[in-house]
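Comments concern the structure below.
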Amino acid sequence: MSDIMKPLSFNSFLNQIVSEEKKHSSIFGIKRTNFVNSSPISGIYFLNNLLELPIGPAAGPHTQMTQNIIASYLTGGRFFELKTVQKIDELKIDRPCIDAEDEGYNVEWSQELKLEQSYDEYLKAWILLHFIKKYLGLSDKSESGFVFNMSVGYDLEGIKTERMDRFIEQMKDANKSELFTIYKNELIEFINVKIPKSSSLIEYVHNISPYISNSVTLSTMHGCPPNEIESIVKYLIKEKGLHTYVKLNPTLLGYDFVKNTLDQLGYKNIYLDKHSFDNDLQWNDAVSMLQRLQEFASENGKEFGIKLSNTLAVKNKKQRMPGNEMYMSGRALFPLTINLASKIAEQFNGSINISFSGGASINNVKEILDTGIKPITFVTELLKPGGYNRLKQIADELREFSISENKLIDLIKLKKLAADSLNNPLYKKETRTVDSIKVPDKLDTFDCFIAPCKVACPIHQDVPEYIRLVGEGKYEEALRVITDKNPLPHITGYVCDHQCMYHCTRIDYDEALKIRDLKKEAALNGYNDFIKNISFNETNNKIKVAVIGAGPSGLSAAYFLARSGFDVTVFEKNMNAGGIVQNVLPQFRLPQSAIDNDIKFIE
């Protein structure tokens with residue numbers, strides 16, 4: 001795999017999106033069943049834009065390339081904090097630069113594309129999201145329903161350069177770039193050729209707004225002085241006419257609070273540098289600066305707020321990545337970020353706009369939104385197993401959730417959430433139920449991926465495959481996969497000791513999937529259709545086999561022999577087949593119906 005990002009052409013995206021959706025009911029590998037339709041969700045207005053869902057990817061790897069932005073949209077992202085851009089855009093990024101085993105770390109601080117390429121990616125994504133929304137019917141609202149939020153850094157001098165200024169102005173109004181018209185014409189031509197009876201779609205494309213973004217999040221370097229931050233924000237508000245949020249660092253909590261919190265939660269291997277706390281923005285300076293900027297934004301008719309939080313600078317003791325310093329994110333950052341949010345909100349009596357990112361996940365997204373904080377963005381969470389489908393899981397969680405339009409932060413709810421985070425097992429380092437998910441098998445040189453759950457299973461069932469099929473509602477197909485190696489899906493759905501769950505890769509990130517329950521779900525929902533459609537090899541009557549004992553082992557042996565064409569007779573001394581599961585286990589542990597179904601299947 002190349003370590004150089006190579007943007008795709010606009011037409012390449014169009015061809016892939018439409019052809020993959022038609023052939024495979026997916027886009028960039030995301031299945032149609034996981035696309036999020038925003039119609040049932042009550043939207044809110046944010047930065048003068050309709051926001052169908054107040055969630056999405058934060059500035060970083062998920063908003064640098066067009067395809068990542070599209071994948072985020074398909075799975076429920078509606079607020080896109082675009083990858084931070086700055087004047088220096090020709091740096092060599094050492095690899096690896098991201099480590100997200102549990103808490104996340106990165107050592108990267110600049111965009112990897114040139115400034116003009118970044119604009120091109122955002123413009124393509126903007127137009128393509130409108131096309132996808134209409135083409136796939138993912139929303140019936142006339143407004144876009146999603147927000148592109150610029151992210152810029154790192155100093156005022158750089159932001160004022162000609163190239164940066166052009167980037168900002170073209171994001172504000174894409175008519176200032178000839179590419180906007182070029183891409184719209186390419187899209188209309190593509191629709192005319194590839195999509196029949198599409199006059200309404202073409203009309204919609206003609207009306208795509210050129211106003212990509214009216215807002216910006218300022219990301220400054222760690223240690224940036226308050227007067228520099230204030231000058232940049234005022235410039236963005238007054239001179240550029242942008243709603244502006246400023247990203248703040250968890251160092252505002254002070255060295256002692258941060259260290260004690262991480263120690264209390266068990267993060268003994270995170271090493272802080274007190275020097276970085278002393279050189280960063282201090283609490284009193286921050287409060288007075290935010291007060292002035294609130295007043296300044298109000299005077300200029302713009303919205304001002306804070307983004308919490310930036311990453312936490314720590315010493316790079318692990319040396320998995322280059323450099324002496326790295327920046328922490330993810331689960332370990334949540335208690336710090338939510339306590340910083342509580343402290344600032346209390347200082348301003350709830351009257352301050354807060355956008356949230358640090359450590360947000362499906363475990364806390366409802367509680368964060370319930371305090372009045374919005375929108376919520378994710379980076380580390382989407383780097384974990386499941387990828388963008390984790391965003392879909394979060395979007396589904398919010399479908400029945402009522403999002404308040406109240407401008408004030410609920411201080412009572414926020415304070416309670418902050419206090420809970422300091423004791424909640426979810427945020428403690430040692431929440432794992434097993435020491436290691438690793439399996440003893442060695443990887444082959446050219447086959448360097450295995451599923452630990454599959455290897456750990458005594459009969460090596462294809463766990464990932466039947467989980468996928470169950471997730472898609474294809475229960476009969478899932479049952480076919482299961483019974484390829486396991487003729488007792490109902491019984492094992494209740495009494496298997498599920499070694500697979502102790503080797504589930506999600507243990508490192510949240511918790512194991514309930515694999516045994518998913519097997520049971522496939523068995524219960526797919527059984528009737530499976531029995532109707534089942535077919536095996538014809539019996540070879542010349543070879544007869546006697547199996548002594550109709551317990552689980554005997555039944556399994558008989559099943560595989562019969563499936564291979566042997567003429568099998570099973571001998572059992574008791575009246576009913578089933579052995580220990582029939583005659584020993586109590587009904588509350590294993591229902592009789594489960595035993596009967598598996599025996600009927602084997603018969």
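Scope of the values below: all heavy atoms of this structure, side chains included, with no hydrogens, waters or symmetry mates. Here, residue 1 is the first one in the sequence, and each next residue gets the next number.
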Exercise. Going by heavy atoms in the side chains, are Tyr271 and Asn316 under 4.5 Å from each other?
Worked result: no

Exercise. Is there a side-chain contact between Tyr122 and Met150 (heavy atoms, below 4.5 Å)?
Worked result: no

Seminar exercise, completed: The reported gap from NZ in Lys429 to CG in Asn269 (rounded to nearest 0.5 angstrom) is 7.5 Å

For this session: Could you give me the CA-CA distance, side-chain angles and deciding distance for Glu52 and Ser139, then say whether side chain to side chain donor-acceptor pair (under 3.5 Å) is met?
Result: CA-CA 9 Å; Glu52 291 176 330; Ser139 174; 2.4 Å; yes

Exercise. Who passes side-chain contact (heavy atoms from CB on, under 4.5 Å) against Thr181, sequence neighbours left out?
Worked result: Asn185

For this session: Return the set of residues passing ring-ring contact (aromatic ring centres under 6.0 Å, His included) with His62 (not counting sequence neighbours), or none when no residue passes.
Result: Tyr388

Exercise. Excluding sequence neighbours, so at least two apart, what forms salt bridge (charged side-chain N to carboxylate O under 4.0 Å, His left out) with Lys307?
Worked result: Glu81

Problem set entry | Glu400 atom CD, over 12 foreign heavy atoms within 6.0 Å | no

Exercise. What pairs with Phe80 under ring-ring contact (aromatic ring centres under 6.0 Å, His included), at least two apart in sequence or on another chain?
Worked result: Phe148

For this session: Enter the distance from Leu253:CG to Leu340:CG here, rounded to the nearest 0.5 Å.
Result: 4.5 Å

For this session: Indicate yes or no: at least one non-hydrogen side-chain atom of Tyr73 is less than 4.5 angstrom from one of Leu138.
Result: yes

Seminar exercise, completed: Across all chains, not counting sequence neighbours, the ring-ring contact (aromatic ring centres under 6.0 Å, His included) partners of Phe35 are none

Problem set entry | side-chain hydrogen bond (donor to acceptor under 3.5 Å, both in side chains), paired with Arg331, selected from Asn363, Asp102, Asn364 | Asp102

Exercise. Can you tell me if Thr244 uses its side chain to pair, donor with acceptor, with the backbone of Val216 under 3.5 Å?
Worked result: no

Exercise. Taking the side chain as C-beta and beyond, is there a heavy-atom pair between Gln170 and Phe180 under 4.5 Å?
Worked result: no

Exercise. Considering only heavy atoms from C-beta outward, does the side chain of Pro7 approach that of Thr66 to under 4.5 Å?
Worked result: no

Seminar exercise, completed: Here the gap from Thr311 atom OG1 to Tyr105 atom OH, rounded to the nearest 0.5 Å, amounts to 11.5 Å

Problem set entry | Pairs meeting criterion side-chain hydrogen bond (donor to acceptor under 3.5 Å, both in side chains) with involvement of residues 285-297, two or more places apart | Glu230-Arg292

Problem set entry | Any donor-acceptor N/O pair, Thr371 side chain to Asp410 backbone, under 3.5 Å | no

For this session: Answer yes when Asp120 and Lys124 have at least one side-chain N-carboxylate O distance shorter than 4.0 Å, and no when they do not.
Result: yes

Exercise. Sequence neighbours excluded, which residues qualify as ring-ring contact (aromatic ring centres under 6.0 Å, His included) partners of Phe167?
Worked result: none

Exercise. Is the shortest heavy-atom distance from the side chain of Leu281 to the side chain of Met289 under 4.5 Å?
Worked result: yes

Exercise. Taking atom CG of Leu156 and atom OG1 of Thr220, what is their separation to the nearest 0.5 Å?
Worked result: 12.5 Å

Exercise. Do any N or O atoms from the side chain of Asn49 and from the backbone of Leu47 form a donor-acceptor pair under 3.5 angstrom?
Worked result: yes

Seminar exercise, completed: Applying salt bridge (charged side-chain N to carboxylate O under 4.0 Å, His left out) to Asp278 and not counting sequence neighbours gives Lys274

Problem set entry | Pairing residues for Lys392 by the salt bridge (charged side-chain N to carboxylate O under 4.0 Å, His left out) criterion, not counting sequence neighbours | Asp396

Problem set entry | Close aromatic pair by centroid cut-off 6.0 Å: Phe146 and His130 | yes

Problem set entry | Close side-chain approach of Met326 and Arg320, heavy atoms under 4.5 Å | no

For this session: Could you list all the salt bridge (Lys or Arg N to Asp or Glu O under 4.0 Å) pairs where at least one residue sits in residues 347-368, not counting sequence neighbours?
Result: Lys366-Glu397

Sequence neighbours left out, cut at 3.5 Å: what donor-acceptor pairs do the side chains of residues 342-352 make with other protein atoms?
none

For this session: Write out all pairs satisfying salt bridge (Lys or Arg N to Asp or Glu O under 4.0 Å) with one or both partners inside residues 143-154, taking only residues at least two apart or from two chains.
Result: none

Exercise. Taking the side chain as C-beta and beyond, is there a heavy-atom pair between Asn214 and His243 under 4.5 Å?
Worked result: yes

For this session: Determine, for Glu169 against Lys172, whether the closest basic-nitrogen to carboxylate-oxygen distance falls under 4.0 angstrom.
Result: yes

For this session: For residues Trp126 and Tyr119, establish whether the separation of their ring centroids is below 6.0 Å.
Result: no

Exercise. Between atom CD of Gln117 and atom CG of Asp89, what is the distance when rounded to the nearest 0.5 Å?
Worked result: 8.5 Å

Exercise. Where do Asp420 and Asn424 land on the side chain to side chain donor-acceptor pair (under 3.5 Å) test, with the steps shown first?
Worked result: CA-CA 6 Å; Asp420 172 75; Asn424 193 321; 3.0 Å; yes

Exercise. Any idea how Tyr183 and Phe10 line up, ring-wise: parallel (<30°), tilted (30 to 60°), or perpendicular (>60°)?
Worked result: parallel

